[in-house]
There are 2 protein chains.
Amino acid sequence: MDVKTLCLGALTLGDATGYEIHKMFDDGPFGQFYDAGYGSIYPALGALLKADLVTVVQLAQEKRPDKKVYSLTPSGLALFKKALAEPPAKDRFRSDHIVRLFFADYMSKSDLQAVYDSYLCHFQTQAEKLRSIDIQNFRNGRTFALQMGLRFYETMSAFLVENQGQLLNDYCPNPMDDGTEQTRNQGTGDD
Amino acid sequence: MDVKTLCLGALTLGDATGYEIHKMFDDGPFGQFYDAGYGSIYPALGALLKADLVTVVQLAQEKRPDKKVYSLTPSGLALFKKALAEPPAKDRFRSDHIVRLFFADYMSKSDLQAVYDSYLCHFQTQAEKLRSIDIQNFRNGRTFALQMGLRFYETMSAFLVENQGQLLNDYCPNPMDDGTEQTRNQGTGDD
DNA sequence: GAGATATATATCAAACCAATATATATGATT
DNA sequence: AATCATATATATTGGTTTGATATATATCTC
(Lines give C-alpha, C1' and ligand atoms only; values in the text may rest on other atoms or scores of the structure.)
Protein backbone atom coordinates (compact mmCIF):
# COMPACT_ATOMS: atom_id res chain seq x y z
CA MET A 1 0.00 0.00 0.00
CA ASP A 2 1.79 3.12 -1.20
CA VAL A 3 1.80 6.59 0.30
CA LYS A 4 -0.56 7.93 -2.40
CA THR A 5 -3.27 5.50 -1.32
CA LEU A 6 -2.55 6.24 2.33
CA CYS A 7 -2.99 9.96 1.65
CA LEU A 8 -6.35 9.32 0.01
CA GLY A 9 -7.35 7.37 3.10
CA ALA A 10 -6.22 10.18 5.38
CA LEU A 11 -8.31 12.66 3.39
CA THR A 12 -11.47 10.58 3.86
CA LEU A 13 -11.23 11.71 7.48
CA GLY A 14 -11.47 15.34 6.37
CA ASP A 15 -9.56 17.91 4.36
CA ALA A 16 -5.96 18.33 5.48
CA THR A 17 -2.57 19.81 4.66
CA GLY A 18 0.53 17.70 4.05
CA TYR A 19 1.72 18.71 7.48
CA GLU A 20 -1.48 17.47 9.08
CA ILE A 21 -1.37 14.20 7.18
CA HIS A 22 2.15 13.65 8.46
CA LYS A 23 0.93 14.24 11.99
CA MET A 24 -1.74 11.59 11.51
CA PHE A 25 1.03 9.08 10.82
CA ASP A 26 3.25 10.44 13.54
CA ASP A 27 0.97 10.58 16.55
CA GLY A 28 -2.53 10.47 15.09
CA PRO A 29 -4.93 7.63 14.35
CA PHE A 30 -2.65 6.00 11.75
CA GLY A 31 0.55 6.01 13.73
CA GLN A 32 -0.20 2.63 15.26
CA PHE A 33 -0.19 0.74 11.99
CA TYR A 34 1.47 2.86 9.33
CA ASP A 35 3.89 5.73 8.86
CA ALA A 36 5.06 8.11 6.19
CA GLY A 37 7.49 11.01 6.16
CA TYR A 38 7.34 14.39 4.42
CA GLY A 39 9.61 13.07 1.72
CA SER A 40 6.86 10.70 0.63
CA ILE A 41 3.75 12.73 1.50
CA TYR A 42 4.45 15.94 -0.43
CA PRO A 43 5.36 14.20 -3.70
CA ALA A 44 2.37 11.88 -3.24
CA LEU A 45 -0.01 14.83 -2.88
CA GLY A 46 1.51 16.40 -5.97
CA ALA A 47 0.93 13.26 -8.00
CA LEU A 48 -2.63 12.89 -6.70
CA LEU A 49 -3.34 16.50 -7.64
CA LYS A 50 -2.05 15.96 -11.17
CA ALA A 51 -4.33 12.93 -11.49
CA ASP A 52 -7.37 14.86 -10.22
CA LEU A 53 -7.75 12.51 -7.28
CA VAL A 54 -7.52 15.46 -4.89
CA THR A 55 -8.05 19.21 -5.14
CA VAL A 56 -6.17 21.92 -3.30
CA VAL A 57 -7.10 25.30 -1.85
CA GLN A 58 -4.16 27.58 -1.18
CA LEU A 59 -4.69 29.74 1.89
CA ALA A 60 -2.35 32.70 2.18
CA GLN A 61 -1.19 33.14 5.76
CA GLU A 62 0.18 36.35 7.21
CA LYS A 63 3.73 35.42 8.07
CA ARG A 64 3.93 31.73 7.35
CA PRO A 65 4.12 29.72 4.17
CA ASP A 66 0.82 29.28 2.36
CA LYS A 67 -1.34 26.54 3.73
CA LYS A 68 -2.35 24.07 1.04
CA VAL A 69 -5.49 22.31 2.12
CA TYR A 70 -6.17 19.15 0.12
CA SER A 71 -9.59 17.57 -0.43
CA LEU A 72 -10.61 14.23 -1.84
CA THR A 73 -12.45 14.19 -5.19
CA PRO A 74 -15.10 11.56 -6.00
CA SER A 75 -12.64 9.74 -8.27
CA GLY A 76 -10.08 9.84 -5.46
CA LEU A 77 -12.54 8.18 -3.10
CA ALA A 78 -13.42 5.60 -5.75
CA LEU A 79 -9.76 4.73 -6.25
CA PHE A 80 -9.25 4.41 -2.52
CA LYS A 81 -12.17 1.99 -2.23
CA LYS A 82 -10.76 0.00 -5.12
CA ALA A 83 -7.38 -0.20 -3.37
CA LEU A 84 -9.05 -1.46 -0.19
CA ALA A 85 -10.76 -4.23 -2.16
CA GLU A 86 -7.42 -5.63 -3.29
CA PRO A 87 -5.82 -8.34 -1.16
CA PRO A 88 -3.66 -6.83 1.60
CA ALA A 89 0.11 -7.20 1.61
CA LYS A 90 1.75 -9.07 4.48
CA ASP A 91 2.11 -7.13 7.73
CA ARG A 92 5.56 -5.78 8.37
CA PHE A 93 7.09 -5.33 11.74
CA ARG A 94 10.61 -4.18 12.36
CA SER A 95 12.01 -3.67 15.77
CA ASP A 96 15.47 -2.46 16.61
CA HIS A 97 14.56 -3.17 20.22
CA ILE A 98 13.88 -6.88 19.67
CA VAL A 99 17.06 -7.21 17.60
CA ARG A 100 18.90 -6.03 20.70
CA LEU A 101 16.99 -8.36 23.02
CA PHE A 102 17.66 -11.24 20.62
CA PHE A 103 21.39 -10.48 20.68
CA ALA A 104 21.37 -9.76 24.41
CA ASP A 105 24.54 -11.80 24.93
CA TYR A 106 26.49 -9.44 22.66
CA MET A 107 25.56 -6.44 24.79
CA SER A 108 26.68 -5.12 28.14
CA LYS A 109 24.21 -5.63 30.93
CA SER A 110 23.71 -1.91 31.39
CA ASP A 111 22.98 -1.35 27.69
CA LEU A 112 20.55 -4.25 27.78
CA GLN A 113 18.86 -2.81 30.83
CA ALA A 114 18.53 0.53 29.03
CA VAL A 115 16.89 -1.10 26.01
CA TYR A 116 14.51 -2.98 28.28
CA ASP A 117 13.57 0.17 30.17
CA SER A 118 12.98 2.27 27.09
CA TYR A 119 10.94 -0.48 25.48
CA LEU A 120 8.69 -0.93 28.51
CA CYS A 121 8.27 2.81 28.79
CA HIS A 122 7.34 3.01 25.11
CA PHE A 123 4.60 0.40 25.41
CA GLN A 124 3.20 1.92 28.59
CA THR A 125 3.13 5.42 27.13
CA GLN A 126 1.42 4.23 23.95
CA ALA A 127 -1.16 2.26 25.91
CA GLU A 128 -1.90 5.29 28.06
CA LYS A 129 -2.29 7.45 24.98
CA LEU A 130 -4.81 5.09 23.41
CA ARG A 131 -6.71 4.66 26.66
CA SER A 132 -7.25 8.42 26.85
CA ILE A 133 -8.94 8.60 23.44
CA ASP A 134 -12.68 9.02 23.61
CA ILE A 135 -14.14 6.10 21.72
CA GLN A 136 -17.68 7.52 21.44
CA ASN A 137 -17.01 9.33 18.15
CA PHE A 138 -15.52 6.31 16.42
CA ARG A 139 -17.50 3.60 14.80
CA ASN A 140 -16.92 0.05 13.67
CA GLY A 141 -13.47 -0.36 12.18
CA ARG A 142 -12.03 2.75 13.82
CA THR A 143 -12.87 1.42 17.28
CA PHE A 144 -11.71 -2.04 16.36
CA ALA A 145 -8.30 -0.86 15.16
CA LEU A 146 -7.85 1.32 18.22
CA GLN A 147 -8.73 -1.47 20.63
CA MET A 148 -6.45 -3.85 18.79
CA GLY A 149 -3.61 -1.39 19.22
CA LEU A 150 -4.38 -0.99 22.89
CA ARG A 151 -4.42 -4.74 23.40
CA PHE A 152 -1.06 -4.97 21.64
CA TYR A 153 0.62 -2.35 23.81
CA GLU A 154 -0.85 -3.76 27.01
CA THR A 155 0.19 -7.30 26.17
CA MET A 156 3.73 -6.39 25.21
CA SER A 157 4.12 -4.27 28.30
CA ALA A 158 2.82 -7.11 30.49
CA PHE A 159 5.14 -9.57 28.75
CA LEU A 160 8.16 -7.42 29.47
CA VAL A 161 7.26 -7.14 33.15
CA GLU A 162 6.54 -10.87 33.52
CA ASN A 163 9.75 -11.98 31.81
CA GLN A 164 12.11 -9.33 33.04
CA GLY A 165 13.98 -11.87 35.15
CA GLN A 166 14.59 -14.23 32.27
CA LEU A 167 16.24 -11.46 30.30
CA LEU A 168 18.11 -9.55 32.98
CA ASN A 169 18.73 -11.91 35.90
CA ASP A 170 19.69 -14.83 33.69
CA TYR A 171 21.85 -12.57 31.54
CA CYS A 172 25.23 -13.92 30.61
CA PRO A 173 27.54 -12.50 27.97
CA ASN A 174 28.60 -14.57 24.98
CA PRO A 175 31.73 -16.57 25.83
CA MET A 176 32.86 -16.83 22.19
CA ASP A 177 35.31 -14.35 20.86
CA ASP A 178 35.19 -15.30 17.22
CA GLY A 179 31.54 -14.53 16.81
CA THR A 180 30.35 -17.87 15.50
CA GLU A 181 28.13 -20.34 17.27
CA GLN A 182 28.30 -22.98 14.58
CA THR A 183 30.67 -23.41 11.68
CA ARG A 184 27.78 -23.40 9.23
CA ASN A 185 24.31 -22.02 9.44
CA GLN A 186 21.53 -24.55 9.70
CA GLY A 187 18.51 -22.56 8.51
CA THR A 188 15.10 -22.90 10.15
CA GLY A 189 15.57 -26.53 10.84
CA ASP A 190 12.71 -27.59 8.55
CA ASP A 191 14.52 -27.73 5.22
CA MET B 1 19.39 -0.40 11.69
CA ASP B 2 20.49 -0.99 8.14
CA VAL B 3 20.78 -4.24 6.23
CA LYS B 4 24.57 -4.29 6.56
CA THR B 5 24.30 -4.44 10.34
CA LEU B 6 21.54 -7.00 10.09
CA CYS B 7 23.75 -9.19 7.90
CA LEU B 8 26.53 -9.01 10.46
CA GLY B 9 24.01 -10.12 13.07
CA ALA B 10 22.84 -13.00 10.90
CA LEU B 11 26.43 -14.15 10.45
CA THR B 12 26.98 -14.32 14.22
CA LEU B 13 24.63 -17.31 14.07
CA GLY B 14 27.00 -19.07 11.69
CA ASP B 15 28.47 -18.72 8.22
CA ALA B 16 25.85 -18.31 5.52
CA THR B 17 25.17 -17.44 1.89
CA GLY B 18 23.07 -14.46 0.82
CA TYR B 19 20.29 -16.87 0.00
CA GLU B 20 20.39 -18.33 3.49
CA ILE B 21 20.43 -14.91 5.12
CA HIS B 22 17.36 -14.01 3.11
CA LYS B 23 15.64 -17.15 4.38
CA MET B 24 16.42 -16.12 7.95
CA PHE B 25 14.42 -12.94 7.37
CA ASP B 26 11.74 -14.72 5.42
CA ASP B 27 10.82 -17.64 7.65
CA GLY B 28 13.75 -17.99 10.01
CA PRO B 29 14.51 -16.56 13.44
CA PHE B 30 14.52 -12.93 12.25
CA GLY B 31 11.31 -12.96 10.28
CA GLN B 32 9.27 -11.97 13.31
CA PHE B 33 10.94 -8.65 13.85
CA TYR B 34 12.83 -7.69 10.71
CA ASP B 35 12.96 -8.36 7.01
CA ALA B 36 15.24 -7.77 4.06
CA GLY B 37 15.09 -8.74 0.41
CA TYR B 38 17.80 -9.88 -2.01
CA GLY B 39 18.02 -6.38 -3.38
CA SER B 40 19.39 -5.19 -0.04
CA ILE B 41 21.26 -8.28 1.12
CA TYR B 42 23.55 -8.87 -1.86
CA PRO B 43 24.76 -5.26 -2.09
CA ALA B 44 25.16 -5.21 1.70
CA LEU B 45 27.36 -8.32 1.64
CA GLY B 46 29.40 -6.76 -1.14
CA ALA B 47 29.98 -3.62 0.89
CA LEU B 48 30.85 -5.61 4.03
CA LEU B 49 33.35 -7.65 2.04
CA LYS B 50 35.03 -4.52 0.71
CA ALA B 51 35.32 -3.19 4.27
CA ASP B 52 36.82 -6.48 5.55
CA LEU B 53 33.93 -6.99 7.93
CA VAL B 54 33.21 -10.36 6.36
CA THR B 55 35.15 -12.88 4.29
CA VAL B 56 33.84 -15.12 1.55
CA VAL B 57 34.60 -18.62 0.36
CA GLN B 58 33.37 -19.43 -3.12
CA LEU B 59 32.25 -23.02 -3.48
CA ALA B 60 31.88 -24.27 -7.03
CA GLN B 61 28.79 -26.40 -7.42
CA GLU B 62 28.23 -28.93 -10.12
CA LYS B 63 25.26 -27.50 -11.98
CA ARG B 64 24.26 -24.49 -9.96
CA PRO B 65 25.72 -21.05 -9.51
CA ASP B 66 28.68 -20.87 -7.17
CA LYS B 67 27.79 -20.77 -3.52
CA LYS B 68 29.36 -17.81 -1.74
CA VAL B 69 29.61 -18.58 1.93
CA TYR B 70 30.23 -15.50 4.04
CA SER B 71 31.88 -15.43 7.47
CA LEU B 72 32.18 -12.72 10.07
CA THR B 73 35.62 -11.26 10.76
CA PRO B 74 36.64 -10.04 14.23
CA SER B 75 36.24 -6.43 13.11
CA GLY B 76 32.79 -7.30 11.75
CA LEU B 77 31.76 -8.68 15.11
CA ALA B 78 33.19 -5.63 16.86
CA LEU B 79 31.20 -3.30 14.61
CA PHE B 80 28.05 -5.29 15.22
CA LYS B 81 28.49 -5.03 18.99
CA LYS B 82 29.05 -1.31 18.60
CA ALA B 83 25.84 -0.98 16.61
CA LEU B 84 23.90 -2.84 19.31
CA ALA B 85 25.19 -0.43 21.92
CA GLU B 86 23.66 2.53 20.12
CA PRO B 87 20.14 3.59 21.12
CA PRO B 88 17.52 1.66 19.12
CA ALA B 89 15.30 3.38 16.57
CA LYS B 90 11.57 3.41 17.14
CA ASP B 91 9.72 0.20 16.31
CA ARG B 92 7.88 0.27 13.02
CA PHE B 93 4.75 -1.61 12.29
CA ARG B 94 2.84 -1.37 9.06
CA SER B 95 -0.26 -3.35 8.42
CA ASP B 96 -2.30 -3.32 5.24
CA HIS B 97 -4.75 -5.52 7.12
CA ILE B 98 -5.43 -2.99 9.88
CA VAL B 99 -5.75 -0.19 7.32
CA ARG B 100 -8.61 -2.23 5.85
CA LEU B 101 -10.17 -2.95 9.24
CA PHE B 102 -9.92 0.76 10.09
CA PHE B 103 -11.68 1.69 6.86
CA ALA B 104 -14.16 -1.18 7.17
CA ASP B 105 -17.07 1.08 6.24
CA TYR B 106 -15.53 1.75 2.83
CA MET B 107 -15.44 -1.96 2.03
CA SER B 108 -18.00 -4.53 1.03
CA LYS B 109 -18.91 -6.96 3.78
CA SER B 110 -17.51 -9.91 1.84
CA ASP B 111 -14.16 -8.19 1.26
CA LEU B 112 -14.03 -7.28 4.95
CA GLN B 113 -14.79 -10.86 5.90
CA ALA B 114 -11.99 -12.05 3.61
CA VAL B 115 -9.50 -9.68 5.26
CA TYR B 116 -10.61 -10.83 8.70
CA ASP B 117 -10.26 -14.49 7.76
CA SER B 118 -6.83 -14.12 6.20
CA TYR B 119 -5.60 -12.09 9.16
CA LEU B 120 -6.79 -14.62 11.72
CA CYS B 121 -5.30 -17.43 9.70
CA HIS B 122 -2.00 -15.57 9.49
CA PHE B 123 -1.75 -15.13 13.27
CA GLN B 124 -2.73 -18.71 13.97
CA THR B 125 -0.24 -20.10 11.48
CA GLN B 126 2.57 -17.96 12.86
CA ALA B 127 1.77 -18.93 16.43
CA GLU B 128 1.76 -22.61 15.48
CA LYS B 129 5.11 -22.19 13.74
CA LEU B 130 6.72 -20.63 16.81
CA ARG B 131 5.19 -23.19 19.14
CA SER B 132 6.82 -25.98 17.16
CA ILE B 133 10.34 -24.57 17.61
CA ASP B 134 12.42 -26.44 20.14
CA ILE B 135 13.48 -23.89 22.71
CA GLN B 136 16.19 -26.06 24.35
CA ASN B 137 18.96 -24.84 22.03
CA PHE B 138 18.24 -21.18 22.52
CA ARG B 139 19.42 -19.13 25.40
CA ASN B 140 18.57 -15.82 27.02
CA GLY B 141 17.61 -13.25 24.41
CA ARG B 142 16.84 -15.79 21.70
CA THR B 143 14.22 -17.46 23.87
CA PHE B 144 12.91 -14.13 25.04
CA ALA B 145 12.38 -12.80 21.53
CA LEU B 146 10.75 -16.02 20.41
CA GLN B 147 8.34 -16.07 23.34
CA MET B 148 7.53 -12.43 22.80
CA GLY B 149 6.61 -13.19 19.21
CA LEU B 150 4.50 -16.13 20.29
CA ARG B 151 2.66 -14.00 22.82
CA PHE B 152 2.02 -11.40 20.14
CA TYR B 153 0.53 -13.85 17.64
CA GLU B 154 -1.58 -15.56 20.30
CA THR B 155 -2.93 -12.29 21.62
CA MET B 156 -3.78 -10.86 18.21
CA SER B 157 -5.45 -14.09 17.19
CA ALA B 158 -7.48 -14.14 20.43
CA PHE B 159 -8.42 -10.49 19.94
CA LEU B 160 -9.77 -11.18 16.47
CA VAL B 161 -11.89 -14.08 17.72
CA GLU B 162 -13.22 -12.14 20.71
CA ASN B 163 -14.14 -9.06 18.71
CA GLN B 164 -15.31 -10.66 15.50
CA GLY B 165 -18.89 -9.60 16.17
CA GLN B 166 -18.01 -5.96 16.67
CA LEU B 167 -16.38 -5.86 13.27
CA LEU B 168 -18.64 -8.10 11.21
CA ASN B 169 -22.06 -8.19 12.87
CA ASP B 170 -22.11 -4.47 13.59
CA TYR B 171 -20.79 -3.71 10.10
CA CYS B 172 -22.50 -0.90 8.28
CA PRO B 173 -21.24 0.77 5.11
CA ASN B 174 -20.42 4.47 5.04
CA PRO B 175 -23.54 6.48 4.19
CA MET B 176 -21.57 9.43 2.78
CA ASP B 177 -20.95 9.61 -0.91
CA ASP B 178 -18.59 12.55 -0.97
CA GLY B 179 -15.97 10.86 1.12
CA THR B 180 -15.65 13.41 3.88
CA GLU B 181 -16.71 13.02 7.47
CA GLN B 182 -15.85 16.56 8.52
CA THR B 183 -15.15 19.67 6.48
CA ARG B 184 -11.75 20.05 8.12
CA ASN B 185 -9.49 17.62 9.81
CA GLN B 186 -9.13 17.94 13.56
CA GLY B 187 -5.84 16.11 14.24
CA THR B 188 -5.39 13.89 17.28
CA GLY B 189 -7.60 15.99 19.47
CA ASP B 190 -4.77 16.90 21.86
CA ASP B 191 -3.23 19.82 20.02
C1' DG C 1 5.38 -33.85 -19.39
C1' DA C 2 3.68 -29.65 -17.37
C1' DG C 3 3.80 -26.82 -13.57
C1' DA C 4 5.21 -25.39 -9.12
C1' DT C 5 8.66 -24.92 -5.76
C1' DA C 6 13.48 -24.80 -4.17
C1' DT C 7 18.42 -23.54 -4.78
C1' DA C 8 21.45 -19.55 -5.80
C1' DT C 9 23.12 -14.96 -7.48
C1' DA C 10 22.31 -10.57 -9.37
C1' DT C 11 20.27 -6.18 -11.18
C1' DC C 12 17.09 -2.16 -11.76
C1' DA C 13 13.48 1.27 -11.62
C1' DA C 14 10.45 3.08 -8.57
C1' DA C 15 9.49 4.15 -4.04
C1' DC C 16 10.74 5.49 0.34
C1' DC C 17 13.42 7.45 4.45
C1' DA C 18 16.07 10.60 7.26
C1' DA C 19 17.93 14.69 7.31
C1' DT C 20 18.14 19.27 6.06
C1' DA C 21 16.76 24.04 4.44
C1' DT C 22 13.64 27.96 4.88
C1' DA C 23 10.91 31.13 7.71
C1' DT C 24 8.22 32.46 11.69
C1' DA C 25 5.70 32.13 16.28
C1' DT C 26 5.24 30.69 20.80
C1' DG C 27 6.49 28.96 25.15
C1' DA C 28 10.07 27.65 28.49
C1' DT C 29 14.40 28.34 30.71
C1' DT C 30 18.30 30.92 32.34
C1' DA D 1 16.44 39.95 27.42
C1' DA D 2 18.52 36.24 25.43
C1' DT D 3 18.70 31.54 24.47
C1' DC D 4 16.63 27.29 23.51
C1' DA D 5 13.15 24.07 22.22
C1' DT D 6 9.00 23.11 20.04
C1' DA D 7 5.32 23.94 16.69
C1' DT D 8 3.60 25.47 12.13
C1' DA D 9 4.24 24.69 7.12
C1' DT D 10 6.36 23.38 2.57
C1' DA D 11 9.95 21.41 -0.04
C1' DT D 12 14.24 18.93 -1.65
C1' DT D 13 18.10 15.71 -1.72
C1' DG D 14 21.06 11.68 -1.24
C1' DG D 15 21.12 7.31 0.04
C1' DT D 16 18.70 3.05 0.99
C1' DT D 17 15.14 -0.23 0.31
C1' DT D 18 11.57 -2.62 -2.20
C1' DG D 19 9.51 -5.69 -5.51
C1' DA D 20 9.95 -7.56 -9.57
C1' DT D 21 12.55 -9.75 -12.86
C1' DA D 22 16.41 -12.51 -15.23
C1' DT D 23 19.25 -16.63 -15.27
C1' DA D 24 19.94 -21.62 -14.71
C1' DT D 25 19.00 -26.11 -12.77
C1' DA D 26 16.89 -29.80 -9.67
C1' DT D 27 13.17 -31.83 -7.56
C1' DC D 28 8.62 -32.77 -6.38
C1' DT D 29 3.68 -32.91 -7.54
C1' DC D 30 -0.30 -33.51 -10.68
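Letters A, B, ... are given to chains in the order of the sequence lines, protein chains preceding strands, and every chain is numbered from 1.
- Rounded to an integer number of Å, the gap from B:His22 NE2 to C:dT5 P is 16 Å.
- Ring geometry, B:Tyr119 versus B:His122: the interplanar angle falls under 30°, so the pair is classed parallel (tilted spans 30 to 60°).
- The shortest heavy-atom contact between B:Ile98 and A:Ala145 is CG2-CB, 3.8 Å.
- Between the P atom of C:dT9 and the CD1 atom of B:Ile41 lies a distance of 10 Å, rounded to the nearest Å.
- Taking side-chain N and O atoms only, B:Thr17 has no distance below 4.0 Å to OP1 or OP2 of C:dT7.
- In this structure, CD1 of A:Ile21 is placed 13 Å from C1' of D:dT10, rounded to the nearest angstrom.
- Every residue two or more places apart in sequence or in another chain that forms a ring-ring contact (aromatic ring centres under 6.0 Å, His included) with A:Phe152 is listed here: A:Phe123, B:Phe152.
- Regarding B:Tyr19, its OH atom lies at a distance of 7 Å from the P atom of C:dA6, rounded to whole Å.
- Cation-pi check for A:Arg94 over B:Phe93 is not met; the charged atom does not lie both under 6.0 angstrom from the ring centroid and within 45 degrees of its normal.
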Protein proximity profile, nucleotides 10-20 of chain C - base contact B, sugar-phosphate-only contact S, no contact -, cut-off 4.0 Å on heavy atoms: BBB---SSB--
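- Ion pairing of A:Glu128 with A:Arg131 is present here, as a side-chain N (NZ or NE/NH1/NH2) and a carboxylate O approach within less than 4.0 Å.
- In this structure, the CD atom of B:Glu20 is 15 Å from the P atom of C:dA6, given to the nearest Å.
- Under 4.0 Å is where a charged nitrogen must lie from a carboxylate oxygen, and between A:Arg100 and A:Asp96 at least one such pair does.
- An OP1 or OP2 oxygen of D:dA9 is reached within less than 4.0 angstrom by no side-chain nitrogen or oxygen of A:Lys23.
- A:Lys67 has its NZ atom 16 Å from the P atom of D:dA7, to the nearest Å.
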